[in-house]
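Let me begin by presenting the structure, written as structure tokens, before commenting on it.
Letters A, B, ... mirror the listed sequences (proteins, then strands); counts begin at 1. Both backbone and side-chain heavy atoms feed into the values below; hydrogens, waters and symmetry mates do not.
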Number of protein chains: 2
Amino acid sequence: MESRRPTASPTPSAPVGASLRIGDVARLVGTTPRTIRYYEEIGLLAEAPARPSGQHRIYTHSEVERLREVMRLRDLLGVSLEELKTLLAAEEARAEVREQLRREDVDPRRRRELLAEALGHVERQLELVRHRADELAKLEDELSETRKRVRRKIREADASAAGEFPPALERTGEPQQ
Amino acid sequence: MESRRPTASPTPSAPVGASLRIGDVARLVGTTPRTIRYYEEIGLLAEAPARPSGQHRIYTHSEVERLREVMRLRDLLGVSLEELKTLLAAEEARAEVREQLRREDVDPRRRRELLAEALGHVERQLELVRHRADELAKLEDELSETRKRVRRKIREADASAAGEFPPALERTGEPQQ
DNA sequence: AGCTAAATTGACGTGAACGTAAGGATCACA
DNA sequence: TGTGATCCTTACGTTCACGTCAATTTAGCT
């Protein structure tokens, strides 16, 4: 009914768990193949490397994670995909830095440059996130306040009602979790 | 250059500060007349009452506040204007409740109903806001962590550089705010 | 080799949230 | 009473972020 796939290990020597196709990835992260292709199209996701155009795209788990992060930021930051792309330059820079760190043969000045650049990106992103987080926190407080007031009024209404006639079917004093 | 408007008080008996036109409102809240008309069109904003269609829209400061709130929620909640409309039913309900409170001749059971309804709306909104606030807080923490790590690496890089040759033009130990 | 599910590119379609242009009416002031 | 700025409605245009359809190919099984 729904089989016919490299069930577990096609060749046990392959990098464990590789061989995800676009449909699998879409299901994993909760989106559609079209969206993934679109993100690749506009440069939000790197195109699968060394794929003889026309062949199926193959994804690794780290690419799935990247996509997850992209979607998370998309949902939380409320910026356009274009802005998001520039924001994500941070991650790319940091990835490059990590790359450079592994091979230790890098010019220290160049390395510092990369690090400083990465720091700038992270800070811009942080600023944006902080601002939104603050605003949301304010809103949350206001709503809590409102809720408190409404609840109090309900209690008052119930109390005065109980004074006029004894509590019948309407139970007084709700769950109060 | 930019005069020709009821500068301060057309008739000192009028409700203070009324007589805002759509362009004024737009400037005040930082949007365009088109957007305001659009919001009225889709029912996000009530249409100016008793306006002989074809006449200019007139706004009061409370309507400006309402618009501010709408835009704030639009920016913060990340929901469609349609969803936002239903969310704002809360405010309308609460407004109705306040209305009913002023005239005290309301059936207490009806009043309780209204209050309960308002509470429900506020709680749904609060839930939504809390969830987003939490997610954003997580993201903020992660970014702070990242920044810390990057900064440490920069310090390390600077230190090792200082060890190899004495600090020249590059100043060590940045502002550190 | 053959079958079928899923993938490929290309193109056009769509809903949301406005922008923009046209032609005319209104408003505050002189 | 005129005049220029602003506003009115109507309607078509636009951008973003995908959806959908079609005609082919590819991949995994048997």
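- Counting only N and O atoms by type, the side chains of B:Tyr39 and B:Arg34 include no donor and acceptor under 3.5 Å apart.
- Looking only at side-chain heavy atoms (C-beta outward), B:Asp24 and B:Tyr59 stay at 4.5 Å or farther from each other.
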B:Val25/B:Glu63 under side chain to side chain contact (heavy atoms under 4.5 Å, CB included): CA gap, chis, key distance, verdict: CA-CA 9 Å; B:Val25 176; B:Glu63 276 153 285; over 6 Å; no
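- For B:Thr32, no side-chain nitrogen or oxygen approaches OP1 or OP2 of C:dC18 to under 4.0 Å.
- Between B:Ser80 and C:dG15, a side-chain N or O to OP1/OP2 separation shorter than 4.0 Å is absent.
- Note: CD1 (B:Ile42) to P (C:dC18) measures 8 Å, nearest angstrom.
- Counting to the nearest Å, the P atom of C:dT8 and the NE2 atom of A:His56 are 6 Å from each other.
- Per the geometry, CG belonging to A:Asp24 stands 11 Å off C1' belonging to C:dA7, to the nearest Å.
- If you take CZ of B:Arg21 and C1' of D:dC8, they are 12 Å apart, rounded to a whole angstrom.
- The nearest whole Å value for the distance from the CD1 atom in A:Ile36 to the C1' atom in D:dA17 is 15 Å.
- Regarding contacts with the backbone of C:dG19, a side-chain N or O of B:Thr35 is found under 4.0 angstrom from either OP1 or OP2.
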Tabulate below the donor-acceptor pairs under 3.5 Å that side-chain atoms of residues 79-87 of chain B make, not counting sequence neighbours, or state none.
unit_1	atom_1	unit_2	atom_2	d
B:Ser80	OG	B:Glu82	N	3.4
B:Ser80	OG	B:Glu83	N	3.1
B:Ser80	OG	B:Glu83	OE2	3.2
B:Glu82	OE2	B:Lys85	NZ	3.3
B:Glu83	OE2	B:Ser80	N	3.2
B:Lys85	NZ	B:Ile42	O	3.0
B:Thr86	OG1	B:Glu83	O	2.8

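- Heavy-atom nearest nucleotides on DNA chain D were determined for B:Pro33 and for A:Leu81, and the one closer to the 5' end corresponds to B:Pro33.
- The line from CG of B:Leu77 to CZ of B:Arg132 is 7.0 Å long, rounded to the nearest 0.5 Å.
- A donor-acceptor contact shorter than 3.5 Å is absent between the side chain of A:Arg155 and the backbone of A:Ala159.
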All N/O contacts under 3.5 Å from nucleotides 9-13 of chain C to the protein, with atom names and distances to one decimal?
unit_1	atom_1	unit_2	atom_2	d
C:dT9	OP1	A:Arg51	NH2	3.2
C:dT9	OP2	A:Arg57	NH1	3.1
C:dT9	OP2	A:Arg57	NH2	2.9

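- A:Leu20 has its CG atom 12 Å from the P atom of D:dG28, to the nearest Å.
- Atom pair B:Tyr39:OH and C:dA16:P shows a separation of 14 Å (rounding to whole Å applied).
- Contact annotation: A:Tyr38 side-chain N/O to D:dG19 OP1/OP2 distance is not under 4.0 Å.
- Atom CD of B:Glu142 sits in a crowded spot, with more than 12 heavy atoms from other residues, nucleotides or ligands closer than 6.0 Å.
- Spacing between atom CD of B:Glu41 and atom C1' of D:dA11 amounts to 11 Å, rounded to whole angstrom units.
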